[in-house]
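Below is one structure, written out as structure tokens, with a few remarks after it.
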Amino acid sequence: MVRLTRLNHTSVVLNSDLIEHIDITPDTVITLTNGQILRVLETAEEVIQRVVEYRRRISDPPTISGLLAAEPVYGSESQE
């Protein structure tokens, strides 16, 4: 989901999976897969950047600080 701004300066959150294509006219016109048209203040490049950032954020696994530290995994040390 990406937050964009309609031409009337109201905020809208768009499901980026629904974007079919983006036209660059004096306005940025986003056509959705259901045929709906959305005009936004952001440039096409800004929309693309936000979609890429969103997809990176949801596709990267969360990291836990120190997970790869030198502590041994239980059961991995040899038993003598």
Side-chain angles (χ1 to χ4, degrees):
M1 305 291 274
V2 293
R3 186 175 304 277
L4 300 172
T5 311
R6 293 179 188 264
L7 294 182
N8 65 0
H9 297 278
T10 60
S11 184
V12 62
V13 179
L14 175 65
N15 179 346
S16 61
D17 291 335
L18 297 179
I19 296 175
E20 183 176 294
H21 65 271
I22 302 173
D23 290 318
I24 304 169
T25 64
D27 301 323
T28 303
V29 182
I30 303 171
T31 302
L32 306 180
T33 57
N34 63 5
Q36 185 177 354
I37 293 175
L38 181 66
R39 288 176 174 82
V40 296
L41 293 174
E42 290 80 7
T43 66
E45 286 302 317
E46 289 173 311
V47 174
I48 293 167
Q49 180 182 2
R50 291 180 189 188
V51 169
V52 169
E53 288 171 3
Y54 168 72
R55 292 189 181 196
R56 281 185 184 147
R57 195 169 57 245
I58 65 170
S59 67
D60 286 342
T63 57
I64 300 173
S65 181
L67 182 63
L68 300 176
E71 287 188 32
V73 176
Y74 293 108
S76 65
E77 53 275 353
S78 62
Q79 304 266 336
E80 292 185 40

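- Placement of Val52 and Val13 within a single hydrophobic cluster is found when ILVMFWY residues are connected by side-chain heavy-atom separations under 4.5 Å, directly or transitively.
- Here the CG-CG distance, from Leu38 to Leu14, works out to 6.0 Å after rounding to the nearest 0.5 Å.
- Of all non-hydrogen atoms in Thr28 and Ala44, the two that sit nearest each other are OG1-N, 3.6 Å.
- Atoms OG1 and CG, on Thr10 and Leu7 in that order, are 9.0 Å from each other to the nearest 0.5 Å.
- Ile19 and Ile37 fall into different hydrophobic clusters, where Ile, Leu, Val, Met, Phe, Trp and Tyr side chains are chained together by heavy-atom contacts under 4.5 Å.
- No donor-acceptor pair under 3.5 Å is formed between the side chain of Glu20 and the backbone N or O of Gly35.
- The two residues Arg50 and Arg3 come nearest to each other via the heavy atoms NH1-O, 2.6 Å.
- Between Thr33 and Asp17 the shortest heavy-atom distance is CG2-O, 4.5 Å.
- Electrostatic pairing of Asp23 and Arg39 does not count as a salt bridge here, judged by no charged N lying under 4.0 Å from a carboxylate O.
- Atom-to-atom distance recorded for Leu32:CG and His21:NE2 is 9.5 Å, nearest 0.5 angstrom.
- The side-chain heavy atoms of Ile30 and Leu4, taken from C-beta on, include a pair separated by under 4.5 Å.
- If you check the side chains of Gln49 and Glu45, you find no donor sitting under 3.5 Å from an acceptor.
- Remark: the backbone N or O of Leu41 is not paired with any side-chain donor or acceptor of Thr5 at under 3.5 angstrom.
- With hydrogens and angles disregarded, a donor-acceptor distance shorter than 3.5 Å links the side chain of Ser59 to the backbone of Arg55.
- Cluster annotation: Leu18 and Met1 are assigned to the same hydrophobic cluster (Ile/Leu/Val/Met/Phe/Trp/Tyr, side-chain heavy-atom contacts under 4.5 Å, transitive).
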